[in-house]
Number of protein chains: 2
Amino acid sequence: MTSRPSNSPRKEQIINIAKNLFRERGYSATSMRDLASAVGIEAASLYNHIKSKNEILEWIVFGMAEEFFAAIRPLENRQDTPEMLLPVYIEAHIGVIVTHMDAAAVFLHEWRHLEPKSLQRFIQQRKSYESKFVEVVQRGIDCRQFQEVEPDFHVMLLFSSMNWIYDWYKEDGPLSPEEIAKQIADLFLHGLSNNRIGQ
Amino acid sequence: MTSRPSNSPRKEQIINIAKNLFRERGYSATSMRDLASAVGIEAASLYNHIKSKNEILEWIVFGMAEEFFAAIRPLENRQDTPEMLLPVYIEAHIGVIVTHMDAAAVFLHEWRHLEPKSLQRFIQQRKSYESKFVEVVQRGIDCRQFQEVEPDFHVMLLFSSMNWIYDWYKEDGPLSPEEIAKQIADLFLHGLSNNRIGQ
DNA sequence: TATCTTTACGAACGTTCGTTAGTTATGACT
DNA sequence: AGTCATAACTAACGAACGTTCGTAAAGATA
(Lines give C-alpha, C1' and ligand atoms only; values in the text may rest on other atoms or scores of the structure.)
Protein backbone atom coordinates (compact mmCIF):
# COMPACT_ATOMS: atom_id res chain seq x y z
CA MET A 1 0.00 0.00 0.00
CA THR A 2 2.41 2.67 1.19
CA SER A 3 5.45 2.55 -1.05
CA ARG A 4 8.64 1.07 0.31
CA PRO A 5 11.27 3.22 2.01
CA SER A 6 13.40 3.21 -1.07
CA ASN A 7 14.82 1.36 -4.00
CA SER A 8 17.87 3.60 -3.99
CA PRO A 9 20.62 2.41 -1.65
CA ARG A 10 21.66 6.01 -1.00
CA LYS A 11 18.22 6.91 0.27
CA GLU A 12 18.20 3.85 2.47
CA GLN A 13 21.58 4.88 3.86
CA ILE A 14 20.34 8.38 4.59
CA ILE A 15 17.33 7.07 6.47
CA ASN A 16 19.40 4.60 8.43
CA ILE A 17 21.83 7.24 9.53
CA ALA A 18 18.93 9.54 10.33
CA LYS A 19 17.50 6.83 12.59
CA ASN A 20 20.69 6.89 14.57
CA LEU A 21 21.06 10.67 14.75
CA PHE A 22 17.40 11.33 15.52
CA ARG A 23 17.62 8.78 18.27
CA GLU A 24 20.82 10.13 19.75
CA ARG A 25 20.16 13.88 19.54
CA GLY A 26 16.46 14.13 18.82
CA TYR A 27 14.78 15.25 15.61
CA SER A 28 14.88 18.98 16.26
CA ALA A 29 18.46 19.01 17.43
CA THR A 30 19.68 17.15 14.35
CA SER A 31 20.42 19.44 11.43
CA MET A 32 20.45 18.49 7.79
CA ARG A 33 24.12 19.42 7.81
CA ASP A 34 24.73 16.98 10.65
CA LEU A 35 22.96 14.30 8.70
CA ALA A 36 24.72 15.08 5.44
CA SER A 37 28.10 15.07 7.07
CA ALA A 38 27.40 11.69 8.66
CA VAL A 39 26.46 10.39 5.24
CA GLY A 40 29.56 11.93 3.70
CA ILE A 41 27.96 14.44 1.34
CA GLU A 42 26.80 18.06 1.43
CA ALA A 43 23.47 19.10 2.89
CA ALA A 44 22.13 20.20 -0.47
CA SER A 45 22.83 16.79 -1.94
CA LEU A 46 20.40 15.16 0.46
CA TYR A 47 17.59 16.73 -1.49
CA ASN A 48 18.35 14.63 -4.53
CA HIS A 49 17.07 11.69 -2.48
CA ILE A 50 14.52 13.04 -0.04
CA LYS A 51 11.89 15.73 -0.19
CA SER A 52 12.33 17.24 3.26
CA LYS A 53 13.63 16.61 6.74
CA ASN A 54 10.15 15.87 7.93
CA GLU A 55 9.69 13.25 5.24
CA ILE A 56 12.60 11.33 6.71
CA LEU A 57 10.85 11.30 10.05
CA GLU A 58 7.74 10.00 8.33
CA TRP A 59 9.64 7.16 6.70
CA ILE A 60 11.07 6.15 10.03
CA VAL A 61 7.90 6.40 12.07
CA PHE A 62 5.53 4.75 9.63
CA GLY A 63 8.12 2.17 8.68
CA MET A 64 8.20 1.12 12.32
CA ALA A 65 4.42 1.20 12.56
CA GLU A 66 4.28 -1.25 9.69
CA GLU A 67 6.85 -3.48 11.39
CA PHE A 68 4.76 -3.64 14.53
CA PHE A 69 1.58 -4.49 12.65
CA ALA A 70 3.34 -7.07 10.55
CA ALA A 71 4.72 -8.76 13.64
CA ILE A 72 1.34 -9.44 15.22
CA ARG A 73 -0.65 -9.96 12.03
CA PRO A 74 0.02 -13.73 11.92
CA LEU A 75 -1.09 -14.03 15.54
CA GLU A 76 -4.49 -12.47 15.23
CA ASN A 77 -6.33 -15.58 14.16
CA ARG A 78 -4.81 -17.94 16.67
CA GLN A 79 -7.10 -19.94 18.87
CA ASP A 80 -4.82 -20.10 21.91
CA THR A 81 -6.02 -19.11 25.33
CA PRO A 82 -5.24 -15.54 26.35
CA GLU A 83 -2.73 -16.79 28.88
CA MET A 84 -0.80 -18.49 26.09
CA LEU A 85 -1.37 -15.76 23.57
CA LEU A 86 -0.24 -12.78 25.57
CA PRO A 87 3.37 -13.96 25.82
CA VAL A 88 3.42 -14.46 22.08
CA TYR A 89 2.23 -10.93 21.48
CA ILE A 90 4.83 -9.68 23.91
CA GLU A 91 7.58 -11.56 22.16
CA ALA A 92 6.49 -10.22 18.79
CA HIS A 93 6.48 -6.63 19.98
CA ILE A 94 9.82 -6.92 21.71
CA GLY A 95 11.27 -8.65 18.69
CA VAL A 96 10.52 -5.60 16.57
CA ILE A 97 12.06 -3.25 19.10
CA VAL A 98 15.33 -5.06 19.58
CA THR A 99 15.87 -5.58 15.85
CA HIS A 100 15.22 -1.89 15.18
CA MET A 101 16.56 -0.14 18.26
CA ASP A 102 17.27 3.25 16.74
CA ALA A 103 14.07 3.39 14.76
CA ALA A 104 12.12 2.23 17.81
CA ALA A 105 13.49 5.06 19.89
CA VAL A 106 12.59 7.56 17.17
CA PHE A 107 9.15 6.01 16.81
CA LEU A 108 8.50 6.32 20.52
CA HIS A 109 10.00 9.75 21.14
CA GLU A 110 9.96 11.88 18.01
CA TRP A 111 6.51 11.28 16.56
CA ARG A 112 5.22 14.57 17.90
CA HIS A 113 7.32 16.40 15.32
CA LEU A 114 5.25 14.88 12.55
CA GLU A 115 3.13 17.37 10.66
CA PRO A 116 -0.54 17.53 11.61
CA LYS A 117 -1.85 15.16 8.96
CA SER A 118 0.76 12.49 9.62
CA LEU A 119 0.49 13.06 13.32
CA GLN A 120 -3.19 12.27 13.21
CA ARG A 121 -2.57 9.12 11.20
CA PHE A 122 0.12 8.05 13.64
CA ILE A 123 -2.10 8.44 16.69
CA GLN A 124 -4.86 6.55 14.96
CA GLN A 125 -2.59 3.66 14.03
CA ARG A 126 -1.10 3.47 17.49
CA LYS A 127 -4.53 3.33 19.05
CA SER A 128 -5.48 0.54 16.69
CA TYR A 129 -2.34 -1.41 17.53
CA GLU A 130 -2.73 -1.04 21.27
CA SER A 131 -6.32 -2.17 21.12
CA LYS A 132 -5.20 -5.53 19.78
CA PHE A 133 -3.34 -6.12 23.01
CA VAL A 134 -6.27 -4.86 25.04
CA GLU A 135 -8.47 -7.40 23.30
CA VAL A 136 -6.28 -10.26 24.44
CA VAL A 137 -6.31 -9.08 28.03
CA GLN A 138 -10.04 -8.50 27.87
CA ARG A 139 -10.59 -12.05 26.63
CA GLY A 140 -8.42 -13.28 29.49
CA ILE A 141 -10.65 -11.51 31.93
CA ASP A 142 -13.83 -12.71 30.26
CA CYS A 143 -12.82 -16.35 30.51
CA ARG A 144 -11.56 -15.80 34.05
CA GLN A 145 -7.93 -16.62 33.33
CA PHE A 146 -6.99 -13.10 34.39
CA GLN A 147 -8.11 -11.11 37.38
CA GLU A 148 -10.77 -8.50 36.90
CA VAL A 149 -8.45 -5.61 36.19
CA GLU A 150 -8.74 -2.54 34.00
CA PRO A 151 -7.39 -3.88 30.69
CA ASP A 152 -6.45 -0.49 29.17
CA PHE A 153 -4.50 0.41 32.25
CA HIS A 154 -2.59 -2.83 32.39
CA VAL A 155 -1.83 -2.77 28.70
CA MET A 156 -0.41 0.72 29.25
CA LEU A 157 1.89 -0.70 31.90
CA LEU A 158 2.81 -3.55 29.61
CA PHE A 159 3.72 -1.21 26.77
CA SER A 160 5.69 0.95 29.14
CA SER A 161 7.76 -2.02 30.19
CA MET A 162 8.32 -3.13 26.63
CA ASN A 163 8.89 0.25 25.05
CA TRP A 164 11.71 1.30 27.28
CA ILE A 165 13.76 -1.73 26.36
CA TYR A 166 15.58 0.27 23.70
CA ASP A 167 16.90 2.35 26.58
CA TRP A 168 18.97 -0.35 28.21
CA TYR A 169 19.06 -3.40 25.91
CA LYS A 170 22.50 -4.43 24.70
CA GLU A 171 22.88 -7.00 21.99
CA ASP A 172 25.76 -8.58 23.87
CA GLY A 173 23.97 -8.35 27.23
CA PRO A 174 23.02 -11.29 29.42
CA LEU A 175 19.42 -11.56 28.20
CA SER A 176 18.25 -12.52 24.74
CA PRO A 177 15.12 -10.87 23.36
CA GLU A 178 13.22 -14.10 23.88
CA GLU A 179 14.32 -14.26 27.50
CA ILE A 180 13.33 -10.67 28.04
CA ALA A 181 9.95 -11.37 26.52
CA LYS A 182 9.50 -14.42 28.73
CA GLN A 183 10.49 -12.48 31.85
CA ILE A 184 8.06 -9.69 31.08
CA ALA A 185 5.30 -12.13 30.28
CA ASP A 186 5.98 -14.01 33.50
CA LEU A 187 6.02 -10.79 35.45
CA PHE A 188 2.69 -9.69 34.10
CA LEU A 189 1.15 -13.10 34.51
CA HIS A 190 2.61 -14.14 37.83
CA GLY A 191 4.41 -11.26 39.52
CA LEU A 192 7.46 -11.26 41.69
CA SER A 193 6.13 -12.85 44.85
CA ASN A 194 6.99 -16.36 45.82
CA ASN A 195 3.66 -17.29 47.36
CA ARG A 196 1.90 -18.51 44.26
CA ILE A 197 1.14 -21.79 42.61
CA GLY A 198 1.46 -22.80 38.99
CA GLN A 199 4.89 -22.31 37.54
CA MET B 1 23.17 22.92 49.07
CA THR B 2 22.11 23.87 45.57
CA SER B 3 20.25 27.15 45.77
CA ARG B 4 16.48 27.17 45.39
CA PRO B 5 14.83 27.67 42.01
CA SER B 6 14.12 31.27 42.78
CA ASN B 7 13.00 33.88 45.18
CA SER B 8 11.66 35.98 42.33
CA PRO B 9 8.12 35.09 41.32
CA ARG B 10 8.85 36.05 37.73
CA LYS B 11 11.66 33.54 37.50
CA GLU B 12 9.44 30.89 38.99
CA GLN B 13 6.79 31.71 36.40
CA ILE B 14 9.30 31.44 33.57
CA ILE B 15 10.45 28.05 34.76
CA ASN B 16 6.92 26.80 35.20
CA ILE B 17 5.94 27.83 31.71
CA ALA B 18 9.16 26.34 30.39
CA LYS B 19 8.22 23.04 32.02
CA ASN B 20 5.04 23.03 30.01
CA LEU B 21 6.59 24.10 26.70
CA PHE B 22 9.61 21.81 26.99
CA ARG B 23 7.26 18.96 27.73
CA GLU B 24 4.88 19.72 24.88
CA ARG B 25 7.37 20.58 22.11
CA GLY B 26 10.70 19.39 23.46
CA TYR B 27 13.63 21.47 24.59
CA SER B 28 15.23 22.00 21.18
CA ALA B 29 11.98 22.85 19.45
CA THR B 30 11.07 25.49 22.03
CA SER B 31 12.59 28.88 21.28
CA MET B 32 13.25 31.63 23.75
CA ARG B 33 10.78 33.70 21.79
CA ASP B 34 8.13 31.01 22.26
CA LEU B 35 8.84 31.00 25.95
CA ALA B 36 8.87 34.77 26.26
CA SER B 37 5.62 35.14 24.40
CA ALA B 38 3.98 32.56 26.65
CA VAL B 39 5.19 34.54 29.64
CA GLY B 40 3.98 37.77 28.08
CA ILE B 41 7.29 39.58 27.64
CA GLU B 42 9.99 39.92 25.00
CA ALA B 43 12.70 37.30 24.54
CA ALA B 44 15.46 39.65 25.63
CA SER B 45 13.65 40.35 28.88
CA LEU B 46 13.97 36.72 29.92
CA TYR B 47 17.65 37.37 30.48
CA ASN B 48 16.92 39.67 33.35
CA HIS B 49 15.85 36.54 35.22
CA ILE B 50 17.79 33.62 33.82
CA LYS B 51 21.31 33.13 32.56
CA SER B 52 20.60 30.94 29.56
CA LYS B 53 18.12 28.56 28.01
CA ASN B 54 20.15 25.63 29.19
CA GLU B 55 20.08 26.90 32.75
CA ILE B 56 16.29 26.64 32.68
CA LEU B 57 16.61 23.01 31.72
CA GLU B 58 19.00 22.48 34.59
CA TRP B 59 16.58 24.01 37.08
CA ILE B 60 13.84 21.72 35.87
CA VAL B 61 15.86 18.51 35.74
CA PHE B 62 17.73 18.88 39.01
CA GLY B 63 14.66 20.26 40.73
CA MET B 64 12.89 17.02 39.87
CA ALA B 65 15.87 14.95 40.90
CA GLU B 66 15.70 16.56 44.31
CA GLU B 67 11.96 15.85 44.50
CA PHE B 68 12.55 12.18 43.83
CA PHE B 69 15.27 11.88 46.44
CA ALA B 70 13.25 13.80 48.99
CA ALA B 71 10.29 11.48 48.47
CA ILE B 72 12.15 8.32 49.38
CA ARG B 73 14.52 9.77 51.96
CA PRO B 74 12.13 9.18 54.88
CA LEU B 75 11.69 5.56 53.77
CA GLU B 76 15.30 4.53 53.75
CA ASN B 77 15.56 3.63 57.39
CA ARG B 78 12.34 1.68 57.67
CA GLN B 79 12.46 -1.82 59.02
CA ASP B 80 9.58 -3.22 56.96
CA THR B 81 9.92 -6.35 54.91
CA PRO B 82 10.77 -5.82 51.25
CA GLU B 83 7.30 -6.96 50.28
CA MET B 84 5.79 -4.19 52.36
CA LEU B 85 8.46 -1.65 51.51
CA LEU B 86 8.40 -1.90 47.74
CA PRO B 87 4.83 -0.61 47.42
CA VAL B 88 5.74 2.35 49.59
CA TYR B 89 8.66 3.20 47.37
CA ILE B 90 6.43 2.86 44.35
CA GLU B 91 3.83 5.17 45.82
CA ALA B 92 6.47 7.75 46.68
CA HIS B 93 7.89 7.74 43.18
CA ILE B 94 4.51 7.93 41.51
CA GLY B 95 3.45 10.68 43.88
CA VAL B 96 6.28 12.86 42.63
CA ILE B 97 5.40 12.20 39.01
CA VAL B 98 1.71 12.96 39.21
CA THR B 99 2.24 16.14 41.22
CA HIS B 100 4.83 17.39 38.71
CA MET B 101 3.63 16.00 35.40
CA ASP B 102 5.26 18.54 33.10
CA ALA B 103 8.53 18.59 34.95
CA ALA B 104 8.52 14.80 35.10
CA ALA B 105 8.17 14.55 31.35
CA VAL B 106 11.03 17.02 30.87
CA PHE B 107 13.13 15.17 33.43
CA LEU B 108 12.61 11.87 31.65
CA HIS B 109 12.94 13.05 28.05
CA GLU B 110 15.04 16.17 27.78
CA TRP B 111 17.96 15.46 30.09
CA ARG B 112 20.24 14.61 27.16
CA HIS B 113 20.29 18.28 26.19
CA LEU B 114 22.09 19.10 29.40
CA GLU B 115 25.65 20.26 28.92
CA PRO B 116 28.36 17.68 29.53
CA LYS B 117 29.09 18.55 33.14
CA SER B 118 25.44 18.60 34.19
CA LEU B 119 24.74 15.57 32.08
CA GLN B 120 27.34 13.60 33.97
CA ARG B 121 25.91 14.72 37.29
CA PHE B 122 22.42 13.76 36.15
CA ILE B 123 23.40 10.25 35.12
CA GLN B 124 25.22 9.76 38.38
CA GLN B 125 22.25 10.88 40.46
CA ARG B 126 19.83 8.75 38.50
CA LYS B 127 22.00 5.70 38.99
CA SER B 128 22.14 6.39 42.70
CA TYR B 129 18.38 6.76 42.89
CA GLU B 130 17.67 3.59 40.95
CA SER B 131 20.02 1.60 43.10
CA LYS B 132 17.88 2.35 46.14
CA PHE B 133 15.04 0.46 44.50
CA VAL B 134 17.37 -2.33 43.45
CA GLU B 135 18.42 -2.72 47.06
CA VAL B 136 14.86 -3.34 48.16
CA VAL B 137 14.31 -5.95 45.50
CA GLN B 138 17.65 -7.55 46.31
CA ARG B 139 16.71 -7.80 49.97
CA GLY B 140 13.42 -9.37 48.93
CA ILE B 141 15.32 -12.00 47.03
CA ASP B 142 17.81 -12.58 49.84
CA CYS B 143 15.09 -13.28 52.38
CA ARG B 144 13.21 -15.37 49.84
CA GLN B 145 10.14 -13.19 49.68
CA PHE B 146 10.80 -12.61 45.99
CA GLN B 147 11.74 -15.09 43.33
CA GLU B 148 15.34 -15.32 42.25
CA VAL B 149 15.14 -12.77 39.47
CA GLU B 150 17.62 -10.28 38.10
CA PRO B 151 16.95 -7.26 40.32
CA ASP B 152 18.37 -4.61 37.96
CA PHE B 153 16.27 -5.90 35.15
CA HIS B 154 13.05 -5.96 37.13
CA VAL B 155 13.67 -2.51 38.56
CA MET B 156 14.10 -1.31 35.00
CA LEU B 157 10.70 -2.70 34.17
CA LEU B 158 9.26 -1.15 37.29
CA PHE B 159 10.63 2.28 36.41
CA SER B 160 9.37 1.90 32.88
CA SER B 161 5.87 1.28 34.16
CA MET B 162 6.03 4.17 36.57
CA ASN B 163 7.78 6.68 34.35
CA TRP B 164 5.31 6.56 31.53
CA ILE B 165 2.47 7.52 33.79
CA TYR B 166 2.86 11.17 32.81
CA ASP B 167 1.92 10.02 29.32
CA TRP B 168 -1.62 8.99 30.12
CA TYR B 169 -2.48 10.09 33.67
CA LYS B 170 -5.36 12.53 33.97
CA GLU B 171 -6.09 14.23 37.23
CA ASP B 172 -9.79 13.70 36.68
CA GLY B 173 -9.32 10.10 35.49
CA PRO B 174 -10.76 7.02 37.18
CA LEU B 175 -7.61 6.15 39.16
CA SER B 176 -6.03 8.14 41.96
CA PRO B 177 -2.25 8.17 42.27
CA GLU B 178 -2.52 5.89 45.29
CA GLU B 179 -4.66 3.42 43.35
CA ILE B 180 -2.23 3.47 40.46
CA ALA B 181 0.62 2.82 42.85
CA LYS B 182 -1.27 -0.06 44.43
CA GLN B 183 -2.10 -1.58 41.07
CA ILE B 184 1.50 -1.40 39.92
CA ALA B 185 2.76 -2.80 43.19
CA ASP B 186 0.22 -5.63 42.99
CA LEU B 187 1.17 -6.32 39.41
CA PHE B 188 4.84 -6.58 40.21
CA LEU B 189 4.25 -8.63 43.31
CA HIS B 190 1.51 -10.93 42.14
CA GLY B 191 0.94 -10.61 38.39
CA LEU B 192 -2.21 -10.89 36.39
CA SER B 193 -2.96 -14.57 36.61
CA ASN B 194 -5.74 -15.93 38.72
CA ASN B 195 -4.02 -19.16 39.74
CA ARG B 196 -2.15 -17.86 42.72
CA ILE B 197 -2.55 -18.00 46.46
CA GLY B 198 -2.24 -15.28 49.05
CA GLN B 199 -3.36 -11.90 47.90
C1' DT C 1 29.14 10.65 -30.82
C1' DA C 2 25.06 12.82 -28.95
C1' DT C 3 21.59 12.85 -25.40
C1' DC C 4 19.53 12.13 -20.98
C1' DT C 5 19.44 11.01 -16.08
C1' DT C 6 21.50 10.85 -11.78
C1' DT C 7 23.89 12.74 -8.10
C1' DA C 8 27.07 15.48 -6.38
C1' DC C 9 28.63 20.36 -5.58
C1' DG C 10 29.20 25.53 -3.95
C1' DA C 11 26.60 29.56 -3.25
C1' DA C 12 23.03 31.64 -1.60
C1' DC C 13 18.11 32.59 0.06
C1' DG C 14 15.15 34.13 3.71
C1' DT C 15 14.24 32.90 8.37
C1' DT C 16 15.01 31.88 12.97
C1' DC C 17 18.09 30.92 16.64
C1' DG C 18 20.22 32.27 21.49
C1' DT C 19 22.08 36.05 23.24
C1' DT C 20 24.01 40.95 24.11
C1' DA C 21 23.87 45.95 24.32
C1' DG C 22 21.92 50.13 25.33
C1' DT C 23 18.03 52.51 27.04
C1' DT C 24 14.02 53.76 29.73
C1' DA C 25 10.21 53.60 33.07
C1' DT C 26 9.09 52.35 37.72
C1' DG C 27 9.29 52.30 42.47
C1' DA C 28 11.85 51.81 46.83
C1' DC C 29 15.27 53.79 49.99
C1' DT C 30 18.12 57.67 51.71
C1' DA D 1 14.73 65.38 45.98
C1' DG D 2 18.30 62.28 44.66
C1' DT D 3 20.03 57.64 44.13
C1' DC D 4 19.83 53.09 42.78
C1' DA D 5 18.25 48.50 41.50
C1' DT D 6 14.85 46.10 38.83
C1' DA D 7 12.73 44.67 34.81
C1' DA D 8 10.91 45.80 30.75
C1' DC D 9 11.80 47.46 25.95
C1' DT D 10 13.93 47.96 20.87
C1' DA D 11 17.62 46.88 18.03
C1' DA D 12 20.85 44.14 16.59
C1' DC D 13 24.59 40.54 16.50
C1' DG D 14 26.66 36.40 14.35
C1' DA D 15 25.55 31.81 13.68
C1' DA D 16 22.82 28.20 12.20
C1' DC D 17 18.61 26.63 10.19
C1' DG D 18 15.95 24.07 6.07
C1' DT D 19 15.84 24.59 1.54
C1' DT D 20 16.50 26.15 -3.54
C1' DC D 21 19.29 27.18 -7.39
C1' DG D 22 22.31 26.57 -11.26
C1' DT D 23 25.89 23.72 -12.64
C1' DA D 24 29.09 20.06 -13.55
C1' DA D 25 30.83 15.37 -13.65
C1' DA D 26 29.72 10.53 -14.56
C1' DG D 27 27.38 6.79 -16.53
C1' DA D 28 23.79 4.78 -19.23
C1' DT D 29 21.24 4.71 -23.61
C1' DA D 30 20.72 5.58 -28.47
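Just so it is clear: chains get the letters A, B, ... in the order the sequence lines come, proteins before strands, and each one is counted from 1.
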Quiz item: Rounded to whole angstroms, how far apart are OH on Tyr27(A) and P on dC17(D)?
Solution: 13 Å
Quiz item: What integer distance in Å separates Leu21(A):CG from dG18(D):P?
Solution: 12 Å
Self-check item: Separation of atom NZ in Lys53(A) from atom P in dC17(D), rounded to whole Å
Solution: 9 Å
Quiz prompt | Side chain of Ala44(B) - closest among dA8(D), dT20(C), dT20(D) | solution = dT20(C)
Quiz item: Do the side-chain N or O atoms of Arg10(A) get closer than 4.0 angstrom to the phosphate oxygens (OP1, OP2) of dT6(C)?
Solution: no
Quiz item: Rounded to the Å, how far apart are Leu35(A) CG and dA8(C) P?
Solution: 13 Å
Self-check item: First encountered from the 5' end of DNA chain C, between Arg33(A) and Asn48(A)
Solution: Asn48(A)
Quiz item: Ser28(A) near the nucleic acid: base, sugar-phosphate alone, or nothing, with a heavy-atom cut-off under 4.0 Å?
Solution: nothing
Quiz prompt | side-chain N/O His49(B) vs dT6(D) OP1/OP2, d < 4.0 Å | solution = no
Quiz item: Which one, dC9(C), dT19(D), dT7(C), comes nearest to the side chain of Tyr47(A)?
Solution: dT19(D)
Practice problem: Using a strict 4.0 Å threshold on nitrogen-to-oxygen distance, state whether Asp102(B) and Lys19(B) make a salt bridge. | Solution: no
Quiz item: Side chains of Asp34(B) and Ser31(B): do they bring a donor and an acceptor to under 3.5 Å?
Solution: yes
Quiz item: Looking at NE2 of His109(A) and CD of Glu110(B), how far apart are the two atoms once the value is rounded to the nearest 0.5 Å?
Solution: 8.5 Å
Quiz prompt | Nearest-Å distance for atom pair CD1/C1', residues Ile41(A) and dA24(D) | solution = 16 Å
Quiz prompt | dC9(C) phosphate, OP1 or OP2, under 4.0 Å from Ser45(A) side-chain N/O | solution = yes
Quiz prompt | Rounded distance (Å) that lies between atom P of dG18(D) and atom CD1 of Ile50(A) | solution = 10 Å
Quiz item: Taking the side chain as C-beta and beyond, is there a heavy-atom pair between Arg112(A) and Glu24(B) under 4.5 Å?
Solution: no
Practice problem: Take atom CG of Leu46(A) and atom C1' of dG10(C), then tell me their distance rounded to the nearest Å. | Solution: 15 Å
Practice problem: With heavy atoms under 4.0 Å as the rule, sort Glu42(A) into base, sugar-phosphate or nothing. | Solution: sugar-phosphate
Exercise. Calculate the interatomic distance between His113(B) atom NE2 and dC17(C) atom C1'; express it in whole Å.
Key: 15 Å
Quiz item: Between Asn16(B) and Glu12(B), do the side chains contain an N or O donor and an N or O acceptor separated by less than 3.5 Å?
Solution: no
Quiz item: Between Ser31(B) and dC17(C), is there a side-chain N or O to OP1/OP2 distance below 4.0 Å?
Solution: yes
